[in-house]
Structure formats: structure tokens, C-alpha cells
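Only one structure is covered here, and it is reproduced in the block below.
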Amino acid sequence: MRLTRRPLLVAVLLCALAVLAARPADGDGSHAPGHGSASVSAEVARLYEEAAKATERYEAGREEAEKQRDLAQRLEERLDRERQEAAGLREDLGRIASSQYRDGGGLPLTAHMLLADDPEQLMRGQRVVQQVEVTLDQALGRSERAEARLARDEARAAAAWEKLEKRNEDLAALKQDIEEKLETARWKLQGEADDSVAAGSCRGAVRLDQPPAQFTTPWVAPVETYELSASYGSGGARWVNRHTGQDFAVPIGTPVRSVGSGTVGKVSCGGAFGIEIVVEHPGGYYTQYAHLAAVAVDQGERVSPGQWIGQSGTSGNSTGPHLHFEVRVTPETGSSVDPVPWLAGRGVTL
């Protein structure tokens, strides 16, 4: 029995080696794990989220600081007006006192009444003057109290503004530190992507921490924040015929989203598109996501609208970081349609 089983075992091992040697290395179908570090993709995704949150906090703090500064300036302007009004009231009181002194000549009120042709008229005039004095004095008191109140409010607003400015300086430093780390991690990730493309074999899917589900629509844009660059049908030396998709200018490592529900039909490395993913959607349409730096899904996997399926890069025939997005009627090249009106017809305006 031992003599007959040994040749059989050798034959099985030889067949296994032959199968392994014959496996394609172009990256289509299942991935070849072990190429690159999954931690780099995860680090880029984490730093990407941290940078977004730091930017949001910085912008919110800057907006609040602007509000406090505007409030302090408005209070200061009101304080100036209050001070001018108080100065005017003091001038009015001074003019009344001067007028009384000139008209009275320093004589007591009793003497004025004895010398006056119409003492009753004199008394009425005196009462009017006294009422005006009281009114002005009360107005001056209110103005001084308002001035003190405004001065306190203005001081508090100015202190709050200064505190926010200091906080924003700290946030700006934190934001810059995160962005510097992110930039370093991005190019490390791109270096791993270039190695995968050169080898023609993708590393395994990196399972990124997905953000909480927030999409209520069946279709979304392939990236969240972007600038549109080369459009469908564009001509130029970079393409053999015409540009077959819509480019989204985004930094390396930007999370790439599936625009709708579907099944991952292809994940490959190498060639003009570098690292690419093709998703099949219900209704006979396919979407392609190309020039990636990493993938987060495997072939045959079901995906949902907005799900992170990869990270953008500049692999393959690319002049800079961007996502090349196509819509096709077949899984293969040469069957593309303009993706902008296609998405617009599904409620997604770019």
C-alpha cells in the first residue's frame, strides 16, 4: 500500500504546482494578497476623516470668532454713539446754565419777581427751565448707565473673540499637523499602488471603517468633495480617441463610493487604468472607477449606494491624482455613455 500511494502523492503535488504556476497575474478576478500594507490604507482613511473633522471644527471656530468680532465692533460703535449723545447732553446743560446766569445776572429769584413787569410769566419761564434741566439730567443718567452697560458687553465680546482666536490658532496647528501626516501617508499608499500595478497583481481588499449609513437616495456621486476635470468626449494627446469618462480631481486616498447598489464584477491592476473596479448595477449598466490607490471590496461582493469601495490615486496612465469614472452598457471598454447626464437622470447633479 505504501508503494502505490507515494507516486500518487507526488503526482498530486506536481499538479498543484502546475496550477499555481498557471494562475494569471493580471489582477483580474481574485486578488493576490500580501502586496503592500493594509495599515497604510486604513491610516489614510483615518487621517482623511480626522482632517475633515479638524477642518470642520476650525471653520466653525473661525465663523464663531467672526461673529464675536462683529458683535464687539457693533457694541463699540454703539458705545461711541452713546458717548457722543452724552457729550451733547452735557453741552445742552451747560448752555442752559449759561443762559440762566446771563438772564439772571446773579440776582436771587425773589428779586427777579419784584423787578419783573409780569412775575407770573417769570415763574412759568423758571418752571420750564427747571423741567428742561430735570429732563436733560435724567437723559444724561440713562446715557451714562447705557454707556457703562455697553462698555461691559463690549469688553466681554472682545475677550470672547480673543479666546476664540487663540483656540483657532491651536486648531489650525492641529489641522496642519494632520494634513502633513496625511500627505506623507498618501504617497506611501500610492507607492504601494504603483508596485501592484507594476507587478500586475492587486493586493487583497482593505476593509475600511465605513461611515454611518446616511444615504436615503438610490444614487450618489462617486466622491463627496471634488472638482470636475476632464469631461466625457474630451480630446487630447493623453487618449487614443476621446475621453471615455468623467474625471474628478481629488487627492490620493479620497474614499471612492459606489454610485448605486450592485455587484463588483471586476477588480484589476495594470494597464492604462491602473487599479480599477467595475460594478454591475440592475438595469444593465456598469460603472468603472479607475486610477485607484487601493480597493476595499472583492470581486463578486454586493455593494450599496455610497459604500466605500476604494481610495483614489494616480495609478496607470494618469497625470495626477484623480478618479476616472465611467458608465458603460457592457463590462468592457468601448461601451461608455456620458456619465454626467446619466447621473443627472438619477437625481445626482455634479
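In what follows, residues are counted from 1 in the order of the sequence shown.
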Is the side chain of [X] donor-acceptor paired with the backbone N or O of [Y] at a distance under 3.5 Å, no angle test?
| X | Y | value |
| --- | --- | --- |
| Ser261 | Ser304 | no |
| Ser231 | Gln246 | no |
| Ser335 | Thr330 | yes |
| Asp247 | Ser229 | no |

By side-chain hydrogen bond (donor to acceptor under 3.5 Å, both in side chains) - contacts of [X] (at least two apart):
| X | value |
| --- | --- |
| Glu50 | Arg46 |
| Glu180 | Gln176 |
| Glu301 | Arg207 |

Strictly by modelled atom types, are [X] and [Y] linked by a side-chain donor-acceptor pair under 3.5 Å?
| X | Y | answer |
| --- | --- | --- |
| Asp80 | Gln84 | no |
| Tyr232 | Ser234 | no |
| Glu276 | Ser268 | yes |
| Gln307 | Arg257 | no |
| Arg242 | Ser336 | no |

> Among all residues two or more places apart in sequence or in another chain, which pass the side chain to side chain contact (heavy atoms under 4.5 Å, CB included) test with Tyr285?
Replying inline: Val327, Val329, Trp342, Arg346
>> For Gln73, give me all partners under side chain to side chain contact (heavy atoms under 4.5 Å, CB included), at least two apart in sequence or on another chain.
In response: Arg69, Asp70
> ring-ring contact (aromatic ring centres under 6.0 Å, His included) with Trp161: which residues, sequence neighbours excluded?
Replying inline: none
>> List the residues meeting ring-ring contact (aromatic ring centres under 6.0 Å, His included) with Trp308, not counting sequence neighbours, and say none if there are none.
In response: none
>> Distance check, rounded to the nearest 0.5 Å: Asp298 atom CG versus Ile309 atom CD1?
In response: 12.5 Å
> In Å and rounded to the nearest 0.5 Å, what is the CG to CG distance from Leu323 to Leu292?
Replying inline: 6.5 Å
> Applying side chain to side chain donor-acceptor pair (under 3.5 Å), which residue pairs with at least one partner in residues 216-226 are found, sequence neighbours left out?
Replying inline: none
Could you pull out all donor-acceptor pairs under 3.5 Å where a side-chain atom in residues 248-256 meets a protein atom, sequence neighbours excluded?
| from | atom 1 | to | atom 2 | distance (Å) |
| --- | --- | --- | --- | --- |
| Thr254 | OG1 | Pro251 | O | 2.7 |

>> Run the salt bridge (Lys or Arg N to Asp or Glu O under 4.0 Å) test on Lys175 and Glu179 for me, step by step, so that the C-alpha distance in whole Å, both residues' side-chain angles and the decisive distance to 0.1 Å come before the verdict.
In response: CA-CA 6 Å; Lys175 177 174 174 286; Glu179 288 176 346; 3.1 Å; yes
> By salt bridge (charged side-chain N to carboxylate O under 4.0 Å, His left out), which residues pair with Lys166, not counting sequence neighbours?
Replying inline: Asp170
> Quick one: salt bridge (charged side-chain N to carboxylate O under 4.0 Å, His left out) partners of Asp153, sequence neighbours excluded?
Replying inline: Arg156
>> Show, in sequence, the C-alpha distance, side-chain angles and deciding distance for Ser312 and Arg186, and conclude whether the side chain to side chain donor-acceptor pair (under 3.5 Å) test is met.
In response: CA-CA 10 Å; Ser312 65; Arg186 278 170 169 161; over 6 Å; no
>> Suppose the criterion is ring pair (Phe, Tyr, Trp, His ring centres under 6.0 Å): which pairs have a residue in residues 168-192, not counting sequence neighbours?
In response: none
> Should Val279 and Tyr289 be marked as a side-chain contact (heavy atoms from CB on, under 4.5 Å) after you check the CA-CA gap, both sets of side-chain angles, and the distance that decides it?
Replying inline: CA-CA 8 Å; Val279 176; Tyr289 312 80; 3.8 Å; yes
> Do the rings of His324 and His243 sit parallel, tilted or perpendicular, given the 30° and 60° boundaries?
Replying inline: perpendicular
>> Using a 6.0 Å cut-off, check whether atom CD of Glu56 has over 12 heavy atoms from anything other than its own residue.
In response: no
